[in-house]
Amino acid sequence: MTDTARRRTVAKVAVHPVQAPPPAGDRRRRRLADQARAHGFLVGGLVCFALFSWYPAIRAVVIAFQKYTPGGEPEWVGTANFTRVFQDPEFTAAWRNTLTFTLLALLIGFAIPFVLALVLNELRHAKAFFRVVVYLPVMIPPVVSALLWKWFYDPGTGLANEALRFLHLPTSNWSNGADTALVSLVVVATWANMGGTVLIYLAALQSIPGELYEAAELDGANVLQRVRHVTIPQTRFVILMLMLLQIIATMQVFTEPFVITGGGPENATVTVLYLIYKYAFLYNDFGGACALSVMLLVLLGAFSAVYLRLTRTEGESA
């Protein structure tokens, strides 16, 4: 090292002296302060969950076994609320409509997002634009979306029948017909919620190695064969997870029947969650509403347990 380089090094050391590490006591206090802040945020979250999620759920289970009216003293009645709810004619209709809605949502609303994701994945231009277009319905408030479709389905001046008249096709009652109301609501729910599903599928598709498609093309596989033998096997875990999440979500459908059909016509669109609303806020029967809620909780809890088990198994295998 030359004298000039040595002088520069000495000058740098003099200008920027090496700082000694802080004392052990300061480090300990700083670590305790960081832990206190972290635990403070954790306690705040737990308090919010306890007040707004856990306590209402536990309280609902208790009220399910009581005769409860606002302002009155609760009276323990055992399983009388469950018996009364079972005997209600709307109970059978609500569960039948809910299960039918869930099945139709799987048939209609599960395949369409997957196909759209396949199409978006193959686009070479304007990908960002079409992603925004697909996701746009998710950004619309659910009530606004339902009101928009209520006007769209209007049998008199609605856009759907106007389009059919323009094409010289027979019109439909849509959400006002007992035979078509539930399917109409499935279309609304699919349109409003498929944006997030499409983006999740698209992310899963883009994670598939391109070498697999190239090998399939070399073997002479066409588009459908590549989807069947490459795309679906590589995304089967995502497909299964989204299917379970969709079942859990569609069994809690409320906004569409509440805003568009009001449970009609002829109870054709009364769902379990809408029937819970009627028991609580129209009949003032909080015991019956909580009994229905407990039934729905048990069923959704079973699907949630399957979902958690599958995600844990996949995480362990990965």
Side-chain angles (χ1 to χ4, degrees), residues 99-140 145 149 152 159-160 163-164 166-169 172 174 180 182-251 253 256 303 306-307 309-311 313-318:
L99 295 176
T100 304
F101 185 95
T102 302
L103 179 61
L104 291 174
L106 288 176
L107 295 176
I108 298 175
F110 196 70
I112 293 177
F114 188 73
V115 174
L116 284 176
L118 289 174
V119 174
L120 289 177
N121 192 48
E122 294 298 326
L123 290 178
R124 294 293 179 267
H125 304 286
K127 281 188 175 182
F129 171 76
F130 286 108
R131 289 176 187 175
V132 171
V133 170
V134 170
Y135 193 75
L136 186 62
V138 181
M139 296 185 283
I140 300 176
S145 176
W149 279 89
F152 185 84
L159 185 60
L164 292 176
F166 178 78
L167 298 174
H168 303 287
L169 296 174
S172 173
W174 301 108
T180 58
L182 202 60
V183 178
S184 300
L185 297 188
V186 172
V187 173
V188 176
T190 301
W191 176 84
N193 300 302
M194 70 178 179
T197 306
V198 170
L199 293 185
I200 294 174
Y201 277 138
L202 190 58
L205 292 174
Q206 292 179 348
S207 66
I208 300 176
E211 294 82 2
L212 298 178
Y213 289 109
E214 294 175 0
E217 290 179 2
L218 291 176
D219 290 337
N222 55 32
V223 175
L224 294 179
Q225 290 173 335
R226 292 198 296 270
V227 170
R228 178 183 176 184
H229 296 289
V230 178
T231 305
I232 293 179
Q234 291 295 316
T235 58
R236 64 185 184 277
F237 176 72
V238 175
I239 293 174
L240 181 58
M241 293 301 99
L242 289 178
M243 182 180 69
L244 289 174
L245 291 176
Q246 184 169 342
I247 290 173
I248 295 172
T250 52
M251 293 199 70
V253 60
E256 290 81 7
F303 283 110
V306 173
Y307 171 78
R309 179 60 183 270
L310 289 174
T311 52
T313 304
E314 182 67 17
E316 292 174 353
S317 62

Can you name the residues that form a side-chain contact (heavy atoms from CB on, under 4.5 Å) with [X], not counting sequence neighbours?
X: Val306; answer: Leu244, Leu310
X: Ile108; answer: Ile112, Val186, Thr190
X: Ala126; answer: Phe129, Phe130
X: Ala192; answer: Ser145

- By side-chain hydrogen bond (donor to acceptor under 3.5 Å, both in side chains), which residues pair with Trp174, not counting sequence neighbours? Asn161
- If you round to the nearest 0.5 Å, how far is CZ of Arg236 from CE of Met241?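 The distance works out to 11.5 Å.
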- Show your reasoning for whether side-chain contact (heavy atoms from CB on, under 4.5 Å) applies to Arg131 and Val134. CA-CA 5 Å; Arg131 289 176 187 175; Val134 170; 5.9 Å; no
- Item | side-chain contact (heavy atoms from CB on, under 4.5 Å) evaluation trace for Leu118 with Thr231 | CA-CA 9 Å; Leu118 289 174; Thr231 305; 3.9 Å; yes
- Summary of ring pair (Phe, Tyr, Trp, His ring centres under 6.0 Å) pairs that have at least one residue in residues 200-226, sequence neighbours excluded: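 Residue pairs passing ring pair (Phe, Tyr, Trp, His ring centres under 6.0 Å), neighbours aside: Phe114-Tyr201.
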- Query: Is a side-chain donor or acceptor of Asn193 paired with a backbone partner of Ala189 at a separation under 3.5 angstrom?
  - Reply: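 Looks like yes, one N/O pair under 3.5 Å.
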- Query: Backbone N or O of Leu205 within a donor-acceptor pair of the Gln234 side chain at under 3.5 Å?
  - Reply: no
- Message: Out of the candidates Leu120, Val119, Leu116, Thr197, only one should pair with Leu202 under the side chain to side chain contact (heavy atoms under 4.5 Å, CB included) rule; please name it.
- Response: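 Exactly one candidate clears the test, Leu120.
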- Met251 side chain near Ile247 side chain, heavy-atom distance below 4.5 Å: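 Yes. Closest side-chain heavy atoms under 4.5 Å.
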- Message: When you compare the side chain of Leu106 with that of Phe101, does any pair of heavy atoms fall below 4.5 Å?
- Response: no
Which atom pairs, donor and acceptor, lie under 3.5 Å between side-chain atoms of residues 217-228 and protein residues at least two apart or in another chain?
residue, atom, partner, partner atom, Å
Asn222, OD1, Leu224, N, 3.3
Asn222, OD1, Gln225, N, 2.8
Gln225, OE1, Asn222, N, 3.0
Arg226, NH1, Ala221, O, 3.0

- If you take all heavy atoms of Leu164 and Ser172, which pair is closest and at what distance?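 Smallest heavy-atom distance, with atoms named: CD1-N, 4.3 Å.
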- Minimum-distance pair of heavy atoms, taken over all atoms of Ala204 and Thr235: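 Looking at all heavy atoms of both residues, the shortest contact is CB-CG2, 4.0 Å.
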- Listed partners of Tyr307 passing ring pair (Phe, Tyr, Trp, His ring centres under 6.0 Å), at least two apart: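 Per chain and number, Tyr307 pairs via ring pair (Phe, Tyr, Trp, His ring centres under 6.0 Å) with no residue.
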